[in-house]
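Below is one structure, written out as structure tokens; comments come after it.
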Amino acid sequence: MTTSIATPRYGVRPGESAWFAIARIVERHAGALVAIVFFPLNWPLFWLLVVTFGIRMFGVEGVNHRYFSHRSYKTSRIFQFVLALVAAQSGQRGSLWWASKHRDHHKYTETDRDPHSPVSHSFFEAYITWWRKPECSICNLDDIPDFARFAELRWLDRFYLVPFYGGAVLLFLAGHYGLFGPGITGIGALLWGFYVPGTLALHGVALINTIGHMPQFPGAHRRYEVSDCSVNRAFLALYTMGAGWHNNHHRYASAARAGFAWYELDLTYYILKLLEGARLIRNVKGRIPPEILAEGGIARPHAATARS
């Protein structure tokens, strides 16, 4: 009897070279440094920074993390592509790559197969240098077949630099032609609307990957005794629009919210609820099971949790 051998449906998307990955990180930091030194921040640039950072951080947390990694809500195929375009502005490769690596993080947490664990790797590797390793830059599309089946997402994952740097060009042109007002030039828009927020988003994710798994680092709160070292950090939750409630997330990863208690600010979840209200997304998984809330010592759920 002949046994059939399963073949990959989508294959492996090649990664970039280590030097190219390093060059992109250096470029981003160089642009941020030029902004700080040669283009002092004014109020128009400040608000541009806030908005463009918010878009990038939501692209990471609300799109790559809660949608593509954990499927905590649903949407149409068209808006799914729009979300992936938004996520591409974070400069953290394509959504399929990001989600496949994050699923590995949950599957192999704190082991050698966890790509960015500060427990099984050095702090520096977990923080940034894992990014340039060839085995980490590839994307095995068969690890994420639920989304790899969409040709447009495969294209975007392969050519993520097109929308990323395309966004930079649009910011420059908008500033150059005065669309942001007289206080923002083209170069100013490029530096404070692209390089600085892109650098801040990169470090936001790196901080979650590292001190989000280091209970020995001051300021940690560990609500749930899960099998990994994840912790909650309020300041990181503010910085990363909710991702800092990392111990909560590792206890119940399928939720569209990471802040379980009413006082745990989760900007990403609030944006998702607005998008649901606008009927752009649906079936947002906001309800946290009562037994999980009780396990964490949360006396009663937030009103929004009860209604979701």
Task: Output field: ring centroids His105/His250 closer than 6.0 Å - done: yes
Open item on the list: I'd like to know whether the aromatic ring centres of His29 and His203 sit less than 6.0 Å apart in this structure.
Closed with: yes
TODO: On the 0 to 90° scale, with breaks at 30° and 60°, tag the Trp43-Phe46 ring pair as parallel, tilted or perpendicular.
DONE: perpendicular
Open item on the list: Under a 4.0 Å threshold between the charged nitrogen and the carboxylate oxygen, would Asp146 count as salt-bridged to Arg103?
Closed with: yes
Open item on the list: Tell me if the aromatic rings of Phe79 and Tyr67 count as close, with their centers under 6.0 Å from one another.
Closed with: no
Task: 4.5 Å side-chain heavy-atom contact, Leu265 and Met241 - done: no
- [ ] Please determine if Glu295 and Arg251 form a salt bridge, counting it only when a charged side-chain N lies under 4.0 Å from a carboxylate O.
- [x] yes
Task: Distance-only donor-acceptor check, side chains Glu110 and Ser117, under 3.5 Å - done: yes
Task: Pair Arg223 + Glu264: basic N to acidic O under 4.0 Å - done: yes
Open item on the list: Heavy-atom count check: over 12 atoms from other residues, nucleotides or ligands less than 6.0 Å from Phe159 CZ?
Closed with: yes
Open item on the list: Under 4.0 Å between a side-chain nitrogen and a carboxylate oxygen: does that hold for Asp266 and Arg66?
Closed with: yes
Open item on the list: Show the nearest heavy-atom pair for residues Arg56 and Gln89, with the distance to one decimal.
Closed with: NE-O, 3.0 Å
- [ ] Kindly confirm or rule out a cation-pi arrangement of Arg28 over Tyr195, judged by NZ or CZ under 6.0 Å from the six-membered ring centre and within 45° of its axis?
- [x] no
Open item on the list: Taking the six-membered ring of Trp97 as reference, does the cationic atom of Arg93 (NZ for Lys, CZ for Arg) lie under 6.0 Å from its centre and within 45° of its axis?
Closed with: yes
- [ ] Check the pair Asn64, Ser95 against side-chain hydrogen bond (donor to acceptor under 3.5 Å, both in side chains), reporting the backbone distance first and the verdict last.
- [x] CA-CA 6 Å; Asn64 283 346; Ser95 291; 2.6 Å; yes
Open item on the list: For the aromatic rings, using the six-membered ring if either is Trp, is the centroid distance between Trp245 and His249 under 6.0 Å?
Closed with: no
Task: Aromatic ring proximity, centroids under 6.0 angstrom, His213 and His116 - done: no
Open item on the list: I'd like to know if the side chain of Ser230 pairs up with that of Asp228 as donor and acceptor (distance under 3.5 Å, no hydrogens or angles considered).
Closed with: yes
Open item on the list: Under a 4.0 Å threshold between the charged nitrogen and the carboxylate oxygen, would Lys273 count as salt-bridged to Glu276?
Closed with: yes
Task: Arg233 to Tyr239, cation-pi by 6.0 Å centre distance and 45° axis angle - done: no
Open item on the list: Is the distance from the ring center of Tyr160 to that of Phe164 below 6.0 Å?
Closed with: no
TODO: Write down the atom of Pro163, the atom of Ala88, and the distance for their closest heavy-atom approach.
DONE: CG-CB, 3.8 Å
Open item on the list: Looking at Arg113, I want to see if its CZ is surrounded by more than 12 non-hydrogen atoms of other residues, nucleotides or ligands under 6.0 Å.
Closed with: no
- [ ] Answer yes or no: is there a donor N or O on one side and an acceptor on the other, between the side chain of Asn232 and the main chain of Asn247, under 3.5 Å?
- [x] yes
Task: Salt bridge present between Glu125 and Lys133 (N-O < 4.0 angstrom) - done: yes
